[in-house]
Undergrad: 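The structure that follows is given in the form of structure tokens.
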Amino acid sequence: MSGSPAVVMRLLASAYSVAEKAGSIVRKVLHSGELGIVEKTGANDLQTLADRLAQQSICASLSRRFPKITIIGEEELPAEDLSEDLIENGHSEDILQKTCPAEYSGLKEEEIVVWVDPLDGTKEYTEASRCVRHPAEAQISHKGPYISHSTALWLLDNVTVLIGIACGGKAIAGVINQPFYNYQLGPGAELGRTMWGMPGLGAFGFQLQEVPGDRRIITTTRSHSNKVVTDCVDAMEPHDVLRVGGAGNKIIHLVEGRASAYVFASPGCKKWDTCAPEAILHAVGGKLTDIHGNAYRYDANVKHMNSAGVLAALRNHEYYASRVPQSVLQALKSD
């Protein structure tokens, strides 16, 4: 490859390593047993020490290397001096070896907005923490704690770190780290994985699969349901419904063939929840919109709330959009 890699490729390569660093922070805090939980707006809107440290690590690491980008993180944190051990200076050499799609090759730092959710699925993270054995009893792998089998520990799969890259209002690249991937394999298993994608280039770090045949499996919220949400899911005439936590986790369900569509008829989701997942889904031919079928924008000055819900599918997005009841459309105003 001749010349220096495009800015967006260097940013994406850095975001990959930064997301892995954040994932290790998330594991370390869980293992410590000191989660430092605070309620932001209520019991279903929590913040932990892992949220705070992971966001500090992500934002400081990226802004140090790319000082002109705009970074918008979920957590409102006071400015403070950070210890150097929170800074990640590495990058993915594999990403730098990829050829940047022509439409993104000339982007400048100041044109780029990065949306950060340092710990998507915080509620599930806090619930799973209760099932982790006392550190003195836990078996430890070299990258984190080995968690004993428990019916509640599947919640660890709900937890992700999300770094989305946007330009011109569109999600153009995304990184998802799943910190506890492989936890169920036991001692010696390497915990965590990182997937990434860019429309026009592809998606990497997972095996793309689709739900077999004509089955409609809907994934939706685990803890933020109401009648409008339920009515919309029911209108899809699903063969099965998977109620799981985390927007990142739901998109993983789509691209790995566990669900056909992600349906959330509620204004509870934010731009940092959907930017990275949308980019990865789009990179493999999927589509994410609001419940009306309209695209979300990720400009620096947009409101953070996804007021008109989320409708995403790997295939046949138009079918699912056509099934949304009029009552739901009326209940959720499009941005």
Side-chain angles (χ1 to χ4, degrees), residues 8 11-12 15 18-19 22 40-41 44-47 51-52 54-55 58-59 62-63 66 69-77 104 107 109-123 159-177 195-199 220-221 224 229 245-252 254 262-283 286-313 317 332-335:
V8 70
L11 174 59
L12 183 55
V18 167
K40 293 191 289 187
T41 61
N44 284 335
D45 187 14
L46 305 176
Q47 182 194 89
D51 293 85
R52 298 187 288 273
Q55 178 163 307
I58 293 167
C59 294
L62 292 180
S63 62
F66 305 92
I69 62 174
T70 298
I71 304 177
I72 303 174
E74 175 178 7
E75 310 303 338
E76 296 183 8
L77 302 175
Y104 309 135
L107 294 182
E109 280 188 36
E110 53 266 35
E111 297 177 284
I112 296 172
V113 182
V114 176
W115 293 86
V116 175
D117 190 338
L119 201 172
D120 187 35
T122 300
K123 187 172 189 295
V159 177
T160 58
V161 175
L162 307 176
I163 303 177
I165 299 171
C167 184
K170 296 181 179 180
I172 65 168
V175 178
I176 299 178
N177 176 271
M195 55 186 70
W196 66 277
M198 174 182 278
T220 191
T221 182
H224 299 278
V229 171
N249 181 42
K250 294 180 183 72
I251 296 301
I252 293 173
L254 297 188
Y262 165 20
V263 179
F264 184 43
S266 171
C269 211
K270 311 289 199 312
K271 298 294 189 298
W272 45 70
D273 293 308
T274 54
C275 185
E278 178 178 341
I280 291 174
L281 183 63
H282 188 189
K287 188 174 183 180
L288 184 150
T289 66
D290 69 13
I291 215 72
H292 297 265
N294 299 321
Y296 277 117
R297 292 191 62 85
Y298 298 95
D299 307 275
N301 60 352
V302 298
K303 66 178 183 178
H304 297 164
M305 182 76 73
N306 288 338
S307 300
V310 177
L311 180 64
H317 183 278
L332 294 176
K333 301 296 184 183
S334 183
D335 288 343

Undergrad: Test side-chain contact (heavy atoms from CB on, under 4.5 Å) on Phe66 and Ile71 and set out the steps.
TA: CA-CA 10 Å; Phe66 305 92; Ile71 304 177; over 6 Å; no

Undergrad: Could you tell me whether the side chain of Tyr298 reaches within less than 4.5 Å of the side chain of Thr274, counting heavy atoms only?
TA: yes

Undergrad: Looking at residues at least two apart in the chain, or sitting in another chain, which of them share a side chain to side chain contact (heavy atoms under 4.5 Å, CB included) with His282?
TA: Pro199

Undergrad: Side chains of Ile251 and Leu288, heavy atoms from C-beta outward: is any pair under 4.5 Å?
TA: yes

Undergrad: What is the minimum heavy-atom distance between Ser266 and Val229, and which atoms define it?
TA: CB-CG2, 3.8 Å

Undergrad: Could you grab the distance from atom CG of Leu119 to atom CZ of Arg52, nearest 0.5 Å is fine?
TA: 11.0 Å

Undergrad: Indicate the atoms forming the closest heavy-atom contact of Arg297 with Lys271, along with that distance.
TA: O-CE, 3.1 Å

Undergrad: To the closest 0.5 Å, what do you measure between CD (Glu109) and OG1 (Thr70)?
TA: 10.5 Å

Undergrad: Would you compute the distance between atom CD1 of Ile280 and atom CE of Met198 and round it to the nearest 0.5 angstrom?
TA: 11.0 Å

Undergrad: Parallel, tilted or perpendicular, judged at 30° and 60°: which one describes the rings of His304 and Trp115?
TA: perpendicular

Undergrad: Which atoms form the tightest heavy-atom contact between Lys333 and His292, and what is the distance?
TA: C-NE2, 4.1 Å

Undergrad: Compare all side-chain heavy atoms of Trp196 with those of Val175 and state whether any distance is below 4.5 angstrom.
TA: yes

Undergrad: Roughly how far, to the nearest 0.5 Å, is the CG atom of Asp51 from the CG atom of Asp120?
TA: 10.0 Å

Undergrad: Using modelled atom types only, decide if a donor and an acceptor are shared between the side chain of Asp273 and the backbone of Ala247 within a distance under 3.5 Å.
TA: no

Undergrad: Less than 4.5 Å apart, side chain to side chain, heavy atoms only: is that true for Phe264 and Thr221?
TA: yes

Undergrad: Counting C-beta onward and ignoring hydrogens, is there a side-chain heavy-atom pair between Asn306 and Asp290 closer than 4.5 Å?
TA: no

Undergrad: Could you go through residues 160-171 and list every donor-acceptor pair under 3.5 Å that involves a side-chain atom there, pairing it with any protein atom two or more places apart or in another chain?
TA:
none

Undergrad: Quick check: do Leu11 and Val114 have side-chain heavy atoms less than 4.5 Å from each other?
TA: yes

Undergrad: Is the shortest heavy-atom distance from the side chain of Leu311 to the side chain of Ile291 under 4.5 Å?
TA: yes

Undergrad: In Å, rounded to the nearest 0.5 Å, how long is the span from CG of Asn177 to CE of Met195?
TA: 9.0 Å

Undergrad: Let me confirm one number: the OH-NE2 distance from Tyr262 to His317, rounded to the nearest 0.5 Å.
TA: 12.0 Å

Undergrad: Taking the side chain from Lys287 and the backbone from Ala313, do they hold a donor-acceptor pair closer than 3.5 Å?
TA: no

